[in-house]
Structure formats: structure tokens, C-alpha cells
Amino acid sequence: MATMFARPEALTANPFHYCPGCTHGVIHRLVAEVIDELGIRENTVAVASVGCSVLAYNYFNVDVQQAAHGRAPAVATGIKRVLPDRVVFTYQGDGDLASIGTAEIVHAAARGEKITVIFVNNANYGMTGGQLAPTTLPGQVTTTSPSGRDVTRAGYPIRMVEMLATLDGPAYLARASVHNPAQVVKAKKMLRRAFEVQMQGLGFALVEVLSSCPTNWGLKPVEALRWLEKNMLPYYPTGEFKCLQQAV
Amino acid sequence: MKTLMKGNEAIGEAAILAGCRYFFGYPITPQTELPEYLARRLPEVNGVFLQAESEVAAINMVYGAAGAGARVMTSSSGPGISLKQEGISYIAAAELPCVIVDIMRGGPGLGGIQPSQSDYFQATRGGGHGDYRLIVLAPASVQEMADLTGLAFELADRYRNPVLLLGDGVLGQMMEPVSFNPLPAGETVKPWATTGCRGRERNVVNTLYLNPEELEAVNHRLQEKYRLIEARECRAETYCTQDAEIVVVAFGIAARIAKAAVDGARAEGVRAGLVRPVTLWPFPYRMLAGVLKRAKAALVVEMNAGQMLEDVRLAAEGCVPVSFYGRTGGMLPGSRAVLEQIRLLGGKKYGHYVRPA
Ligand SMILES: Cc1ncc(C[n+]2csc(CCOP(=O)(O)OP(=O)(O)O)c2C)c(N)n1
Ligand code: SF4
Ligand SMILES: [Mg+2]
């Protein structure tokens, strides 16, 4: 009997701790499948960040370093400069990457650091219980914007991919979503490209993935996916924003 | 062969001889000659020099590079070292070897750019969060800047611990003849490094332990290592301490000034001596206590408001009065002023306490 569905080798047997319906798990799986398909598991070093995905070091079946909040791109830079022929990727949330770690991500991108960044945008700080993130939508209720994000006081959400696209350093920038099977297939293609770009030595690669947080959004898993589609997609359009085919 | 070099540059050359091929830093006076030197030298030996966007980024690049198994260094001064504290705590927790150079200037705040020793507490007591220790080496000459750099890399690898080389603006910028001594080949086998898991179990560099029992066990293991370092690695220089009644205690450039004052006192018939701790952590308590037991008074001389003073008092355990003479803000204590303090102690039957300047 042929096995149709198995755990990718790039995932350990540890059960995910993510809440039911949280799409961090889907994104983990996609990244692991890409690593398997590219045959790079034993040649890869991952960098886990601080957020719900901090325990990624328990899940990705590769060498891993766990970084301080926001500093994953700097840690990845240190690893990649020592081991230029290894594949190095970070896995970061929106609080981690777009708030406390803004300087690190912008400068890693500007340097054209040959790393791959998986940026999981769930429009809030999941791990600490649902506070306002830089990516929280106007009017969105969080524990620290209890009457909805008031842009006159809390400012406007940051579109990281578009912002990074103004730089010359990045070789690949894309935004994906995983709210339905068709989008999941597209997301995987983008993730694969983001690893290939690094392997081809083209430069910095980042894929932002819109992700659900049913627990802190106060929604059932399916409602959360619908909320994402209805509210996040218009503000954060999916697609490829930069896609170098060869070194410049 | 001796070369005339600035202290900051001597650190750079010694690091290269110690096999360091990676440097991540950010400019700040009075240490900038070190990154500038390495920006030129490292590419010549196929190394990597990277000017980071901040000290925060630099120390995290060090974390990544050290975790990948490399000998790696960063350098800064007070304001930048403050920014590095988060990363230093993580590096200590993850037990990654690296060398951090701190060429002190006057503080607090932006302070000034003149030499100081006001970051002794920050260096020896942590500065970052959690129960961790750095090995802290305090050179007093350009030659020692070079020698202790080599030692710093050895100790970092031997104990898998960050080592801080604590100098000041005088040592960093003055020129002295220096010779570079060949080093024994460092420990290069780092089976724990994250290099890709080909042919072995995967490696994880981590500092998160959500289970308190597990985290306590990690702390116990770290503390055991620190006790071992304390037992093995205390270093100090003594000068004229055999029959010393007045013992001056000073580190770094202040110790050189104090040495001249001790000579002056001896010429006047006062039995003065000097203890110069070379490791500030582990602090040579036992060795200093032995010298103080035979003495009548101690005088601590620092370029701060009295920081190592606390360690000297701990070593003295009340058996001799401990006085203090310090200058702050980038001012240097003159050897004549120190001699005057030694005279005062003699005249006042060793009990005089000098208020911090
Ligand atoms: C320096 C520092 N500040 C704050 C925290 C607390 N903290 C942990 S996770 C987190 C937010 C993570 O949010 P995000 O990056 O969006 O990840 P998510 O949990 O949403 O996936 C914060 C603020 C910390 N660990 N370190
Ligand atoms: S809190 Fe949100 S982001 Fe975190 S695991 Fe739960 S659903 Fe996922
Ligand atoms: Mg988030």
C-alpha cells in the first residue's frame, strides 16, 4: 500500500503545541515539505524567534538556534557568514519582525544577506495574549486597543513586504496566505522559491504568510479563516513583489 | 620582534593570531581603531568584517557565528556595551564562546570619550538579566592587550563562556612596543555547533526552558562551571607585597599609575605594595586576602566612584581598613595624588577614609 500522506522528514515527531485552527502548523508543514523536496535537511540551520513559534526548534528536524526577540535576522547573518554554503532560514512573527526587530530585518534585507525569512503575520502578538502589533488592522480590537486600533493614536499598520521592496538588497519578496487549499498551494510555491533563491546565491528572500490566530481573535477556526480573507487580504495583497532570476 | 602599536590594534592582530576570523561591531570612541584595523586585516586572511546596524545586531551576529562554531569577536564602549547586554545574557545562557572587548569611557549616559573604569560593575556583575557570569580580563599595557586577547579566546572555548576584555581609552589609544607570541592551537572541535546535521543528531542552541525544574538544573550546571572557573582562573600581579603595610589595589591603567606611587612611597621609607587583579571575575579574593592579612591598610585606586572597592572590602572581610581614591568623568588619577593618599594613610595610622572624588 502506498503512503499518501506522511510527516515530512524535516519535521520531528514532537506534537505541535499550537491552538486548534492556528495556521502556524500549516506553515511549518509547508516549510518542512519544501526542505525535503529540495533535499537540504542536513544542510540547513534554522533560527527560531520569540513568539508562539519559539518552539519551532522542537519541530523543525534540522540544526536550530533560538534567537532573542526580533534578532533572528542578525543571528542568521552570523551563521550564514560563517557557513556560506549552508541554507539558513528564520521563522518570525509580526511582533518579532515588524516591531522589536525592524532594524534587524531592514538591514539584513539591505545587505542582501543570503538568508530566507518566513514572516508569519497574524495581526497581533499571539504568544503574550493578543496585544496590538504593528500589523494590527485599523479598527481591530486587541487587548491593548480595546476599542479598536485608532490610527490617530496607534498609527497605521506596516506593510513589510512593500517597504522592503524599496531596497536593492532583496532578491525575492512575496506575500502568501493559507486561508484555503488553493492559497496553500501558492504559498508553498513561494516558500520554495524563497529557498531556491538562497541556494542560487541571489540574495535576501522573504515570504510573508498571512496566518490565523483564532484564540486571540476570539473566533472559531473556520470563522478565523474567513475573517482573515475578508479583512487582512484587502490590506495585505498577496503576490510576488520582487523576483530576481539571476544575480545583478 | 617588537612592533609599535596602539592597544586597540594590538587586540585586533592578537585576535587574528588566535584564529578569530569573524568580527561584528559598530563604531564608538575610544575603541574604533579596533574595527578599523580588522576591516583592513580580516579580508587579508579570508575572514569576515561586518559593520552592523547597531550593537544590538552585532552581538546577535556574534551569537549566530559562535553557535555555528567560529571564533568570533565584537567590541564597543559603555553606551554600546549597554545595548549588547541582552545578547550577552543569551550568549552566556546558551554557553557560546566569544570575546567581547570593552574599551571604557566616562559615563553615565552619553558621558564623554575620555578614559574611565566606570563600567566595572557592568562587566563583573552582569548588566544583562539572569544569573550568569562573564570571565573579565583587565590588561594594563599594550603587550597585555595582545596576550590577554589570546587567553580570552582560549578561556572562551575551554569553558564555553563569553569573555570580556576590559580596557580603557588610555590603553586602547596609547602606542607601546608589542610582540605577538605564537599560540597553542585552540580547541577546534565543537560537536555542539549548528553546522547542518549531516551524519549526526541535530544540534539545538537554545536558552528557553519553560519547565522551572529544568531551568533550575541549567542554572545549577552554570553555577558549577562558574565555581570551577573561580577555582582555576584567578589571576593577579603583586608588586612589593612581601612586607607591605599599605597595600594599594588597582586594575588596568590605574594600576600603572599606582605602581609609580608605590615606588615613591618606598623611596620615602613607607612600606607600600600593589596588588593588580588581572581577572576581575573571577576576582582574586583569596590571594588578595592573604596579602591584606599581613598589612595595616588598603587603598583602592580606580577611575570611577568606587566599584572594585566593594570586592576589595569583601576580600578584606574587615581585617584592615579599606580607603578609596578615585577620579571620574575621564580624569586620570595622578601618581603624586596617589602617593599623597598613601602618605595620609601612614600619618593617620592607616585608618583614614578618602571620599570618592
Ligand atoms: C525583549 C522581549 N520583550 C518582550 C517579550 C515578550 N514577548 C514574547 S512573544 C511576544 C510577541 C510575539 O508576537 P509575534 O512576533 O507576533 O508572534 P506570534 O506569537 O503572534 O506568532 C512578546 C512581546 C520578550 N520575550 N522579549
Ligand atoms: S495564540 Fe494564536 S498564534 Fe499562538 S498558537 Fe494560539 S492561535 Fe496560534
Ligand atoms: Mg503575531
Side-chain angles (χ1 to χ4, degrees), chain A residues 9-12 17 35 39-51 54-88 90 100-111 113 115 127, chain B residues 20-24 26 42 46-72 74 83-91 93-94 96 98 128-129 190 192-210:
Chain A
E9 210 189 343
L11 284 182
T12 64
H17 70 285
I35 290 172
I40 53 174
R41 190 185 74 82
E42 294 181 324
N43 204 34
T44 292
V45 183
V47 183
S49 67
V50 176
V54 62
L55 293 175
Y57 65 79
N58 275 340
Y59 305 141
F60 288 117
N61 190 16
V62 298
D63 276 9
V64 192
Q65 294 196 25
Q66 176 260 320
H69 198 15
R71 318 299 176 215
V75 172
T77 297
I79 300 169
K80 187 72 183 187
R81 294 299 181 115
V82 173
L83 304 169
D85 61 346
R86 308 302 198 282
V87 176
V88 180
T90 72
I100 194 167
T102 322
E104 284 77 8
I105 195 64
V106 168
H107 286 275
R111 284 192 303 270
E113 215 59 67
I115 59 172
M127 191 191 210
Chain B
C20 171
R21 291 293 177 274
Y22 302 91
F23 179 93
F24 303 96
Y26 188 85
L42 274 170
N46 293 322
V48 173
F49 168 88
L50 199 161
Q51 182 169 318
E53 59 271 30
S54 70
E55 290 86 350
V56 175
I59 194 70
N60 284 285
M61 291 171 186
V62 168
Y63 178 101
R71 280 198 161 176
V72 53
T74 185
L83 277 181
K84 288 186 196 291
Q85 294 301 336
E86 178 200 44
I88 293 174
S89 169
Y90 277 72
I91 289 171
L96 299 177
C98 71
H129 54 288
K190 297 182 178 176
W192 45 265
T194 58
T195 53
C197 63
R198 178 147 300 144
R200 58 158 168 78
E201 288 290 290
R202 72 197 189 97
N203 284 337
V204 176
V205 170
N206 175 43
T207 68
L208 178 74
Y209 300 92
L210 289 170

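Given the structure is predicted, the values throughout are model-derived calculations rather than measurements. All values below come from the heavy atoms of this structure, side chains included, with hydrogens, waters and symmetry mates left out.
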Inset, instruction - Report the C-alpha distance between A:L83 and B:T195 in whole Å, list the side-chain angles of each, state the deciding distance to 0.1 Å, and finish with yes or no for side-chain contact (heavy atoms from CB on, under 4.5 Å). - result: CA-CA 7 Å; A:L83 304 169; B:T195 53; 4.2 Å; yes
Legend entry - Steps toward side-chain contact (heavy atoms from CB on, under 4.5 Å) verdict (A:Y57, B:L208): CA-CA 10 Å; A:Y57 65 79; B:L208 178 74; 3.6 Å; yes
Legend entry - side-chain contact (heavy atoms from CB on, under 4.5 Å) between B:T207 and A:Q66, intermediate numbers included: CA-CA 7 Å; B:T207 68; A:Q66 176 260 320; 3.1 Å; yes
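With a 4.5 Å cut-off on non-hydrogen atoms, A:A67 touches chain B through its backbone but not through its side chain. Within the 4.5 angstrom heavy-atom criterion, no atom of A:V88 approaches chain B. Looking at B:A193, only its backbone comes within 4.5 Å of chain A, counting heavy atoms on both sides. Interface remark: B:R21 contributes no atoms to any contact with chain A (heavy atom separation under 4.5 Å). Contact annotation for A:V64: both backbone and side-chain heavy atoms come within less than 4.5 Å of a heavy atom of chain B. In this structure, chain A has heavy atoms under 4.5 Å from both the backbone and the side chain of B:V204. With a 4.5 angstrom heavy-atom cutoff, A:L55 touches chain B only via side-chain atoms.
Taking chain B as the reference chain and counting heavy-atom pairs below 4.5 Å, the highest number among A:V50, A:V87, A:V106, A:V45 is found for A:V45. Ranking B:V72, B:L210, B:V62, B:V56 against chain A, the residue ahead of the rest is B:V56, based on heavy-atom pairs under 4.5 Å.
The distance from the CG atom of A:N43 to the SG atom of B:C197 is 9.0 Å, given to the nearest 0.5 Å. Interatomic distance, OG of B:S54 versus CD of A:E104, reported as 5.5 Å (0.5 Å rounding). The distance from the CG atom of B:L50 to the CZ atom of A:R81 is 4.5 Å, given to the nearest 0.5 Å. Note that the CD atom of A:E113 and the CE atom of B:M61 stand 6.5 Å from one another [nearest 0.5 Å].
Looking only at side-chain heavy atoms (C-beta outward), B:E86 and A:R71 come within less than 4.5 Å of each other.
A salt bridge is defined here as a Lys NZ or Arg NE, NH1 or NH2 lying under 4.0 Å from an Asp or Glu carboxylate O, and A:R111 with B:E53 meets this definition.
Listed here is the closest heavy atom pair of B:F24 and A:G78: CZ-CA, 4.1 Å.
Residue B:T194 forms a side-chain contact (heavy atoms from CB on, under 4.5 Å) with just one option from A:D63, A:T44, A:V82, A:V47, and that option is A:D63.
Under the side chain to side chain contact (heavy atoms under 4.5 Å, CB included) criterion, B:Q85 pairs with B:I81, B:I88, B:Q122, B:Y132, not counting sequence neighbours.
B:R202 contributes a side-chain N or O that, together with a main-chain N or O of A:F60, makes up a donor-acceptor pair within less than 3.5 Å. Not one N or O on the side chain of B:Y63 forms a donor-acceptor pair closer than 3.5 Å with the backbone of A:A74.
Heavy atoms from other residues, nucleotides or ligands lying under 6.0 Å from CZ of B:F49 number more than 12.
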